Amino acid sequence: MGAVPLSMGWFFLGFSLAIVLLVGSASSARFDQLFQPTWAMDHFAYEGDTLKMKLDNYSGAGFQSKSKYMFGKVNIQIKLVEGDSAGTVTAFYMSSEGPKHHEFDFEFLGNTTGEPYIVQTNVYVNGVGNREQRLNLWFDPTKDFHTYSILWNQRQVVFLVDQTPIRVHTNMEHKGVPFPRDQAMGVYSSIWNADDWATQGGRVKTDWSHAPFIASYRGFEIDGCECPVKVASVDNTRRCTSGNGNGKRFWWDEPTLQELNVHQSHQLTWVRAHHMIYDYCTDTARFPSVPVECEHHRH
């Protein structure tokens, strides 16, 4: 296993630009300012700035953002379930609504004690997913908090772990590949039992003698364009994009954030070489014809 790559400076640049340029943003470290529980309220516990959400043999739990956003960046610090977490899934994702929804997923698949957590990412566009990638992390995500982030603009969706890119989904509309840039999205997280598939393809089941399974959260940040509920999607896209006669300039439209720089590309290459264990682009059993987006870029 190689050395952990250096953290990226461009996101700090993005946030410094945001101080000057960003309009219509929401950013906070307090859970209740940005989020609300959506189910199993009795499975939440608050310890100072830390939120703990549990899964037991009665229920899992979940929360969602109070608002929806178009473009920007979301950060959440998570400490995953310790010990024997086989069969459990902790998810952090962005999603719009409806049968043609867009969605960007982090799913943390539990494992037996001593075995590594698997991180699965997926991208849904117009209701179609099947773009799974899986990797092992270069640290134990159960021992401390780590930052998981999604950056979204009109050119790319970037999944990050401690500011290291682990996946990039690039806008390939010029090649006829749809890209998610027309629907406002909420931010969600949940923990639930998925022992029919989560661990070793469902061969290892949840051991309820280890319950409750607890995921811990802190450092909630959303830096994006907040969208009114009753505004049409096309209007949200217009109002959340620099120019378009709105007199606004947003940090996520800055040229430095439209693609990875050389250092970030090296980090992504390192992750893929040392930690990726599954990529839908190379799964010829599922996709005898290579998906179009896989022919044109690494993501």
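Keep in mind it's a predicted model, so treat the numbers as computed, not measured. Note: hydrogens, waters and symmetry copies are ignored here, and every other heavy atom, side chains too, is used.
Residues Gly176 and Pro178 come closest through the heavy atom pair O-CD, 3.6 Å. Between Pro165 and Gln264, the closest heavy-atom pair is CG-O, 3.6 Å. Here the closest non-hydrogen pair linking Ser190 and Trp39 is CB-CZ2, 4.2 Å. Closest heavy-atom contact between Gly60 and Ala40: O-CB, 3.1 Å. Between Thr164 and Gln267, the shortest heavy-atom contact is OG1-NE2, 3.8 Å. Smallest separation of non-hydrogen atoms from Lys143 and Glu82: NZ-OE1, 3.9 Å.
With contacts defined as side-chain heavy-atom distances shorter than 4.5 Å, the pair His169/Phe179 qualifies. Contact annotation: the side chain of Pro228 approaches that of Arg239 to within less than 4.5 Å [non-hydrogen atoms, C-beta and beyond]. Considering only heavy atoms from C-beta on, Arg272 comes within 4.5 Å of Gln133 through its side chain. Side-chain contact between Val123 and Arg167 is present, with at least one heavy-atom pair separated by less than 4.5 Å. Residues Asn261 and Thr256 fail the side-chain proximity criterion, which asks for heavy atoms closer than 4.5 Å. Contact check for Leu34 versus Ser65: no side-chain heavy atoms found under the 4.5 Å cut-off. A 4.5 Å side-chain heavy-atom check between Ser67 and Val187 finds every atom pair outside the cut-off. Using a 4.5 Å cut-off on side-chain heavy atoms (C-beta onward), Tyr124 and Asp105 make contact.
Taking the six-membered ring where tryptophan is involved, the planes of Phe139 and His146 are essentially parallel, since the angle between them stays under 30° and well short of 60°. Classification of the Phe159-Phe104 ring pair by plane angle, with boundaries at 30° and 60°, yields perpendicular. Relative ring orientation between Tyr93 and Tyr188 is described as parallel, the plane-to-plane angle staying below 30° on a 0-90° scale split at 30° and 60°.
Residues Val125 and Ile150 share a single hydrophobic cluster, defined by chaining ILVMFWY side chains whose heavy atoms lie under 4.5 Å apart. The hydrophobic cluster containing Val204 does not contain Leu80, counting ILVMFWY residues as joined when their side-chain heavy atoms lie under 4.5 angstrom apart, directly or transitively. In the hydrophobic cluster analysis, where Ile, Leu, Val, Met, Phe, Trp and Tyr join through side-chain heavy atoms closer than 4.5 angstrom, Met53 is grouped together with Tyr46. No single ILVMFWY cluster, assembled from side-chain heavy atoms under 4.5 Å apart, contains both Ile214 and Ile191. Under the 4.5 Å side-chain contact rule for hydrophobic residues, Phe145 and Val119 do not share a cluster.
Around the OH atom of Tyr278, the shell of radius 6.0 Å holds more than 12 heavy atoms that belong to other residues, nucleotides or ligands. Residue Gln200 qualifies as enclosed at atom CD: its count of foreign heavy atoms under 6.0 Å is above 12.
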Test side chain to side chain contact (heavy atoms under 4.5 Å, CB included) applied to Trp208 and Thr206, step by step: CA-CA 6 Å; Trp208 293 107; Thr206 303; 3.7 Å; yes
CA sep, side-chain torsions, deciding dist, call: Arg238, Asn236, side chain to side chain contact (heavy atoms under 4.5 Å, CB included): CA-CA 5 Å; Arg238 187 179 300 112; Asn236 277 327; over 6 Å; no
CA sep, side-chain torsions, deciding dist, call: Glu221, Lys73, salt bridge (Lys or Arg N to Asp or Glu O under 4.0 Å): CA-CA 8 Å; Glu221 296 178 344; Lys73 188 182 181 189; over 6 Å; no
Stepwise side chain to side chain donor-acceptor pair (under 3.5 Å) check, Thr199 with Asn111: CA-CA 6 Å; Thr199 306; Asn111 217 329; 5.2 Å; no
Derivation and outcome, side chain to side chain contact (heavy atoms under 4.5 Å, CB included), residues Tyr280 and Asn122: CA-CA 10 Å; Tyr280 79 102; Asn122 202 353; over 6 Å; no
Full working for side chain to side chain contact (heavy atoms under 4.5 Å, CB included) between Phe106 and Ile78: CA-CA 12 Å; Phe106 273 102; Ile78 307 173; over 6 Å; no
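A distance of 12.0 Å separates OH of Tyr69 from CH2 of Trp152, quoted to the nearest 0.5 Å. In this structure, CG on Leu151 lies 6.0 Å from CD on Gln156, to the nearest 0.5 angstrom. The line from CG of Leu55 to CH2 of Trp192 is 10.5 Å long, rounded to the nearest 0.5 Å. Note that CG of Asn153 and CH2 of Trp251 are 8.0 Å apart. Values are rounded to the nearest 0.5 Å. With rounding to the nearest 0.5 Å, the separation of OG1 in Thr90 from CZ in Phe92 is 13.0 Å. Here Ile277 contributes atom CD1 and Leu135 contributes atom CG; the two are 7.0 Å apart, rounded to the nearest 0.5 Å.
Between Lys175 and Glu295 no salt bridge is recorded (no basic side-chain N to carboxylate O distance below 4.0 Å).
Of the candidates Asp84, Asp195, Thr112, Asp84 is the only one forming a side-chain contact (heavy atoms from CB on, under 4.5 Å) with Asp207. Checked options His275, Gln120, Glu107; the residue passing with Arg134 is Gln120 (criterion: side-chain hydrogen bond (donor to acceptor under 3.5 Å, both in side chains)).
In terms of modelled atom types and a separation under 3.5 Å, the side chain of Asn136 and the main chain of Ile118 share no donor-acceptor contact. At least one donor-acceptor pair under 3.5 Å links the side chain of Asn171 to the backbone N or O of Gln154. With hydrogens and angles disregarded, no donor-acceptor distance shorter than 3.5 Å links the side chain of Thr50 to the backbone of Arg218. Not a single donor-acceptor pair under 3.5 Å links the side chain of Ser96 to the backbone N or O of Met185. Between the side chain of Gln36 and the backbone N or O of Asp32, no donor-acceptor pair lies under 3.5 Å. The backbone N or O of Trp252 sits less than 3.5 Å from a side-chain atom of Gln258, completing a donor-acceptor pair.
Here Phe108 and Tyr148 bring their ring centres to under 6.0 angstrom of each other. Ring centers of Trp270 and Trp138: under 6.0 Å apart, within the cut-off.
Partners of Glu115 by salt bridge (Lys or Arg N to Asp or Glu O under 4.0 Å), not counting sequence neighbours: none found. Partners of Asp140 by salt bridge (Lys or Arg N to Asp or Glu O under 4.0 Å), not counting sequence neighbours: none found. With sequence neighbours excluded, no residue forms a salt bridge (Lys or Arg N to Asp or Glu O under 4.0 Å) with Arg203.
SG atoms of Cys240 and Cys227 are separated by 2.5 angstrom or more, inconsistent with a disulfide link.
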